[in-house]
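This structure is a prediction, so every number in the text was calculated from the model and none was measured. Chain naming here is simple, since letters A, B, ... match the order of the sequence lines and numbering starts at 1 in each. FYI, side chains are in, hydrogens and waters are out, and symmetry mates aren't considered; it's all heavy atoms of this structure.
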There are 2 protein chains.
Amino acid sequence: MESRIGRMCIERGLKMTGQRRVIARVLSEAQDHPDVEELYRRAAQLDSRISVATVYRTVRLLEEKGILERRDFGGGRARYEATEEGDHYHLIDVETGKVIEFEDKEHAELIRRIARDLGFDLVSHRLELFARRRPADAGKDTAATPPARTGGRSKR
Amino acid sequence: MESRIGRMCIERGLKMTGQRRVIARVLSEAQDHPDVEELYRRAAQLDSRISVATVYRTVRLLEEKGILERRDFGGGRARYEATEEGDHYHLIDVETGKVIEFEDKEHAELIRRIARDLGFDLVSHRLELFARRRPADAGKDTAATPPARTGGRSKR
DNA sequence: TTATATGCAAACAGTTTGCATGGGT
DNA sequence: ACCCATGCAAACTGTTTGCATATAA
């Protein structure tokens, strides 16, 4: 009955108001990286007694609690996703705006080493790739197109 | 007499007004990554007949012309630097806010490969490292501290 | 019951823009 | 002379906040 993120809120002793429960549910069910306005739209659909201000406040609270992560994919508005195990990165399709997630151990190690070489300990980082879907290679006729799936997570 | 960036403006046929010349000079002389307000401050010091609006307009124009690059190091304001040969990245000292530039061929190749593996051609990307200066390793007593110099460019 | 969360609208920060004027070419 | 650039202030966008009210614990 309580959404995954709703449960996390309770674990951390947050007061569970009606609007928080709704927002938590929307976040739990989101398969994408919605911005505040989109969250508000989805939440208001479930319970109209909700204001954008509350969404902003909730989203900030959950970020402070480590439940949510804020992203900036350009376009001016912050976008949110539930915190998950292990770093992952985002590739943004410049044509469609679609976001594809991927993991990359090699990259994680590389940047840690770079920071270290410069005399620093890495605290956090930001990586976004902006790319264009490669036109189906003229060379391979019937070859299967690699299935880069939005929302799924590609391991490397 | 004309600053480096001023010359680039002329090459691209931009009308050289007094304020553009001043802004171009400020940009040419900047060793850091100033935001608009800072650019405005420096420009106004050379010629008070300048407004923030003009700085915003100029900075946007120069970005469109490929003369400038806009950066986002967090903190809400866009920061600018002259376009230079070859990609480079930024490490932001979380204590001081200082920005250290570095190059890394390996990283450049890695992300290109990642995009390709996902079925994309890399268009652009964003990488920022946030890090904390490593406390002088307790192990090495008199050893020289590695010279990670702000402003300089570390090659790897 | 009591502290905290909410709605509303006003405040904010960074940036853009409409319009009349000024200035390069 | 012509068109573009500028200044000014008002507009805009995303986000935060003060205050009176509502609500979970």
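If you take OH of A:Y40 and C1' of C:dC8, they are 11 Å apart, rounded to a whole angstrom. A:E37 has its CD atom 10 Å from the C1' atom of D:dT13, to the nearest Å. Regarding A:Y80, its OH atom lies at a distance of 6 Å from the P atom of D:dT15, rounded to whole Å. Between the CE atom of B:M16 and the C1' atom of D:dA5 there is a distance of 12 Å, rounded to whole Å. The distance between atom CD1 of A:I50 and atom P of D:dA22, rounded to the nearest whole Å, is 18 Å. Between the CG atom of A:D35 and the P atom of D:dT15 there is a distance of 8 Å, rounded to whole Å.
Listed pair B:T54 / D:dG7 meets the phosphate criterion, a side-chain N or O lying under 4.0 Å from OP1 or OP2. In this structure, B:Y56 reaches the C:dT15 phosphate: one of its side-chain N or O atoms is under 4.0 Å from OP1 or OP2. Considering only side-chain N and O atoms, B:R49 lies nowhere under 4.0 angstrom from the phosphate OP1 or OP2 of C:dT21. A sub-4.0 Å separation between OP1 or OP2 of C:dG7 and a side-chain N or O of A:Q19 is present.
Here the two rings, on B:Y89 and B:H125, have centers that are under 6.0 Å apart. Checked against the 6.0 Å centroid criterion, the rings of B:F73 and B:H90 qualify as a close aromatic pair.
Summary of the strand contacts: B:S51 and B:K15 both lie near DNA chain D, and taking for each the nucleotide with the nearest heavy atom, the more 5' one is attributed to B:K15. In this structure, A:T17 and A:A78 both approach DNA chain D, and ranking their closest nucleotides by distance from the 5' end singles out A:A78.
Residue contacts shown for B:R57 include a base, since a base heavy atom lies under 4.0 Å away.
Other residues, nucleotides and ligands contribute at most 12 non-hydrogen atoms within 6.0 Å of the CZ atom of B:R25.
The minimum heavy-atom distance linking A:I5 with A:A82 is given by the pair CD1-CB, 4.0 Å.
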